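Read the numbers this way: they start at 1 and go in the same order the structure lists the ligands and their atoms. Worth saying up front: this structure is predicted, and the values here are computed from it rather than measured.
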Amino acid sequence: MHMVRGRLAPSPTGYMHIGNAWAFLLAWLAARHEGGQVVLRMEDIDPQRSRPEYALALMEDLRWLGLDWDEGSDIGGQYAPYTQHERLPLYQEALQSLQKRGLAYPCFCTRKELRSLAGAPHWGDAGAAYPGTCRGLSAAERQAKLAAGRKPALRLLCPSEPISFNDALYGAQQCCLHDIGGDFALCRSDGVVAYQLAVAVDDYAMGITQVVRGQDILVSTPRQIALLRLLGAESIPQYGHIALLVDEQGERLAKRHSSLAIRYIRQQGMTARQLVGLLACWAGLQAQPVPRSAAELIPLFSWQRLVRHRLSVPSDLPSLRAACGLCTG
Ligand code: GLU
């Protein structure tokens, strides 16, 4: 049997908050519970939003939580580099190969959603389906647009057969890419590579066998599976999409919830054991928010026990401390 290889794939676009910590803890536990390896990949292809200081802060926060990795952007490893902006030639190679095989085509439409495609689309981000405008352009029409100075994006010619996979938490999934937006963008007209392409290239190239991430990214998984297959992957990873944490208004926890930033919580005196114990209790891995280290939770991890529904959690520190059974003063 092959070794499980999981990954932590943060985007260094802000400080880590509780929602990220929750996803990273569960991804780490899923891999370590199987005796697997953990890869840290820095997903910084969005040039407008990624900052090196956030990457450093993310690693510091991961270590504070007690999460470690066997290969990664700071320590290297067999599949280095592990920072996406250093992997651009690999993405270019994949794009060229897809285009050469007629599996990707230039798209001259200027669409708003192309602006944000370097970030993972999250819950509520789904744009309108691409109507396929540039799919059928003739070689002459493409040439004419290029000659007129138009810079194209690149889209995948989506396969029409349904994509199925078995999610570790939500079971059998099946969908047709045409029902979830159709031909999706692989690269922006200014050359910025899309999240979907970078993730598929990297998961394949880094031998990732287990992908654990938030349920909001489940909608991207069929796209990534289609790409993995077209890139030549013989097997696809085991996917597990975990329930989202939301605030009292039902909004996904995000970097704007600055009071839930891990470094703020830490500065205010909460310990990693307290936070990890609370996250494990929310996850269903222990009945009470007993303080625990991440390593102590490895034997307790089980997909069967994990919570499946969205969890509304406190979005301020006093309520968080109260949830841990700590004095709020
Ligand atoms: N870098 C992505 C994010 O932070 C996660 C991508 C993934 O796990 O596939 O949203």
Trainee: Within the structure, does A9 bring an N/O atom to less than 3.5 angstrom of an N/O atom in ligand 1?
Mentor: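 Indeed, backbone or side chain, A9 has an N or O that close.
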Trainee: More than 12 heavy atoms of other residues, nucleotides or ligands under 6.0 Å from CD of Q174: yes or no?
Mentor: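 Counting other residues, nucleotides and ligands, CD of Q174 exceeds 12 neighbours.
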Trainee: Between D61 and R263 (salt bridge meaning N to carboxylate O under 4.0 Å), is one present in this structure?
Mentor: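 Yes.
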Trainee: Just which atoms of ligand 1 are under 4.0 Å from any heavy atom in E43?
Mentor: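 Once the distances to E43 are compared, the set is 1 (N), 2 (C), 5 (C), 6 (C).
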Trainee: Atoms of ligand 1 less than 4.0 Å from Y195 heavy atoms?
Mentor: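 Contacts of ligand 1 toward Y195, numbered from 1: 6 (C), 7 (C), 9 (O).
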Trainee: Can you confirm, on distance only, whether ligand 1 has an N/O atom lying under 3.5 Å from any N/O atom belonging to R7?
Mentor: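 Between R7 and ligand 1, an N or O pair is found under 3.5 Å apart.
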Trainee: Should the pair R32-D70 be classified as a salt bridge under the 4.0 Å nitrogen-to-oxygen rule?
Mentor: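 Judged by the 4.0 Å cut-off on N to carboxylate O distance, R32 and D70 do form a salt bridge.
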Trainee: Using a strict 4.0 Å cut-off to heavy atoms of R213, name the atoms of ligand 1 that fall inside it.
Mentor: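 Contacts of ligand 1 toward R213, numbered from 1: 7 (C), 8 (O), 9 (O).
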Trainee: If we count only N and O atoms by modelled type, under 3.5 Å, do the side chains of S50 and H85 hold a donor and an acceptor together?
Mentor: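 Result is no, nothing qualifies.
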Trainee: Under 4.0 Å between a Lys/Arg side-chain N and an Asp/Glu carboxylate O for E60 and R266?
Mentor: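 Result for this pair is yes, salt bridge flagged.
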